[in-house]
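Everything below concerns the one structure shown next.
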Amino acid sequence: MLKIEGLTAEIDGKQILKGIDLEVPTGEIHAIMGPNGSGKSTLSYVLAGREGYEITGGTATFNGLDLLSMEPEERAAAGVFLAFQYPVELPGVGNANFLRTALNAIRRSKGEPEVDAMQFLKLARARMKELSMPEDMLKRGVNVGFSGGEKKRNEVLQMALLQPGLAILDETDSGLDIDALKIAADGVNAMRGPNFSSLVITHYQRLLNYIVPDRVHVLMNGRIVQSGGPELAKQLEESGYTAVQAA
Amino acid sequence: MSVLFEPGPEGFLRRYEGLNARLPGHRTPWVTALREQAAKAFREQGFPTRKIEAWHYTDLNLLARSGFAEALTPVDEDVALPEATAPQRVVFLDGRFRADLAETPDSGIPVRSLGANLSAAEGLLGGVAKLDEVPMAALNTMLFEDGALIDLPAETNGGAIELLSIIQSGERPVAVHPRHVIRLGKGASLVLIERAIGRGDGRYLHNPVVEIVLEEGAHLTHARIQQEGPAGLFLSTVFAKAAAGATYDSFLLHAGAKLSRSEAYVSLDGPKAMAHLNGAQLLSDGQHGDCTTFLDHAAPDCASRQTVKTVLAGKSRGVFQGKIHVHQIAQRTDGYQMNQALLLSDQAEIDSKPQLEIYADDVKCSHGATVGELDEDQLFYLRARGIPAATARSMLIEAFLQEAVDAVEEETARNALATAVAGWWEKVA
């Protein structure tokens, strides 16, 4: 379970998160919706451990582990996965090498044996087929020359390979056409189960037609201002965020 | 015990005078005339100092202050060799050709000892070298004893050859001046992996000079891998000229030595000739690496590509100087130059000096330089996938170098270079 209490954070002296309280029980998928600048991406980066954010108060734990005191790689090993809104290009790092290094790092931390190149290829090919990814994406540099949709699919592929306990999807729908969106959503839905939870961060309701959340939270100005069931997303789509603000 | 010559140019000149009657070719008038001309040029120039513009960033004090002796490794001594990077290999030990150590296929190898075959090098040896402008080449010409002679007939493929030079350093500094002479006839092709390895921690000077003539349509891939010992001084010079349609595809790797400077003088003399002058320098604490190139576009419709990457750790210093001279006749020249440095420490320094001189009006020439540290976003991306920080850094450094090496099209050479850069950071860190 992900448990966030009173979380406040700032960047360059500017307070972005102003007291977030949120619980995502194991096995559930929660959506966070909110307008631009509400703190959605900051929340995802703070949970994943990116530098540059100053945590000024509150706690965030995952399955009882104090995330905020851990290095990014330790959080990943503990099962936290951030699907980036803007996946970084790594020229000169082969995608296959990257994926296998990541997979083996996670497996090592769990005390599981590493996979060799052949085992990895078999595993990766199967997952890529599910995501309709061309096999040559393994040979290319990580995200180098990938289209927006390919980059997002590469994020979902990483998630499928690393099998995290908590996936934070930061605007995974942005830049995706409807077919790519469905493929990405299928990838997330395939992970659903009693040991998987997810925080789906999105600006639009569209993605939530395909990944139906258990709960929806509205984030505005650094705070969660409203929570409800999946129907809340539809309401927001119709009335807009200004209506929430007014309420 | 060998005699230690006095430091500075005088020591080398005295040595030349003393050795004169024993050097290869001492009875061959054109060779002795060439040596005399070189001695005169070296006497006049001495060692380059920082007062010379092209030497502003590299100080040869370390060389000028040292006295050197002759290398004394017995010619029949057995040495352990590193794994070959190409199917054919010739070995030079302390500058001397060692036929017994060569790896030669049944069909033979198109490499001969220059020292033993000087008459076959007439017209080639000294044909491209600029003795009056390059004192280190004059020094080499004055004192060279051996090297490789490769003279490929037209339309032949020489395959891939490793030219391995091993210098064994001891208590006394030795100086070695190998001279390699290469000609590829019309349409001939060759992959040459020139590799320099140092054994031992002692000071020594390795001063190789390579002269290359590429006739019409010839294609040479030339990978130069410098893996000298930690106190070694590596001062190398390549002179190359390419006729119409010929390609000189080169890559320079500085991975060892206390101080290294490699100069390349490349002239595109015929239409549609092509040059790649790529390179990488891996410099850790206390090392100085200098990659200096002079590229002459002397004919129309030629192209040149140059990407040089330098990684600097600890208190190291890197230099890149790249001059491109586009002659008036060289219309439709297509030139590209890029110099990139990755600084891993606050104490490292890189000096980058691109120089474009263009006298033709229809020319496409671009150049750029970047200096940066490891990208924080890239590091975070890797760490967010569970990859430990140290491994992530190493992956990004290797990626930076991999990109440089990927520019080499020929597979044997590319693999040799990739092997030489792999794991550098783990050894340094």
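Lettering of chains follows the sequences in order, A, B, ..., and the numbering in each one begins at 1.
In this structure, A:Tyr86 has its ring center no closer than 6.0 Å to that of B:Tyr381.
Both the backbone and the side chain of B:Asp377 come within less than 4.5 Å of a heavy atom of chain A. For a residue to count as touching a neighbouring chain, one of its non-hydrogen atoms must lie under 4.5 Å from one of that chain's; by this rule A:Leu90 touches chain B with backbone and side chain alike. Residue A:Pro87 touches chain B through both its backbone and its side chain, counting heavy-atom pairs closer than 4.5 Å. Using a 4.5 Å cut-off between heavy atoms, B:Glu398 makes no contact with chain A at all. Proximity to chain B is limited to the backbone of A:Glu89, based on heavy atoms less than 4.5 angstrom apart. For chain B, no part of A:Arg75 is nearby; none of its heavy atoms comes within less than 4.5 Å.
Under the 3.5 Å distance criterion, the side-chain polar atoms of A:Glu73 are matched with a main-chain donor or acceptor of B:Ala389.
In this structure, B:Ala384 and A:Pro72 approach most closely via the heavy-atom pair N-CB, 4.4 Å. Looking at every heavy atom in both residues, B:Arg383 comes nearest to A:Ala76 through O-CB, 4.1 Å. Contact record, A:Ala105 with B:Gly386: CB-O, 3.2 Å, taken as the closest heavy-atom pair.
Of the listed residues (A:Asn97, A:Thr101, A:Leu162, A:Val93), the greatest number of heavy-atom pairs within a distance under 4.5 Å of chain B belongs to A:Thr101. Of the listed residues A:Ser109, A:Ala48, A:Ala77, A:Pro91, the one with more heavy-atom pairs under 4.5 angstrom with chain B than any other is A:Pro91.
Around the NZ atom of B:Lys258, the shell of radius 6.0 Å holds no more than 12 heavy atoms that belong to other residues, nucleotides or ligands. Annotation for B:Gln355: atom CD counts as buried by contact number, over 12 foreign heavy atoms lying within 6.0 Å. The environment of B:Glu409 atom CD is sparse: at most 12 non-hydrogen atoms of other residues, nucleotides or ligands sit within 6.0 angstrom. More than 12 heavy atoms of other residues, nucleotides or ligands shown are found within 6.0 angstrom of CG on A:Asp136. More than 12 heavy atoms of other shown residues, nucleotides or ligands fall within 6.0 angstrom of atom CD in A:Glu130.
Distance check, rounded to the nearest 0.5 Å: CZ of B:Arg385 to CD1 of A:Ile106 gives 9.0 Å.
In this structure, the side chains of B:Pro388 and A:Glu74 stay at 4.5 Å or more apart for every pair of heavy atoms. Two residues are said to be in side-chain contact when any heavy atoms from C-beta on lie closer than 4.5 Å; B:Ile387 and A:Phe98 meet this criterion.
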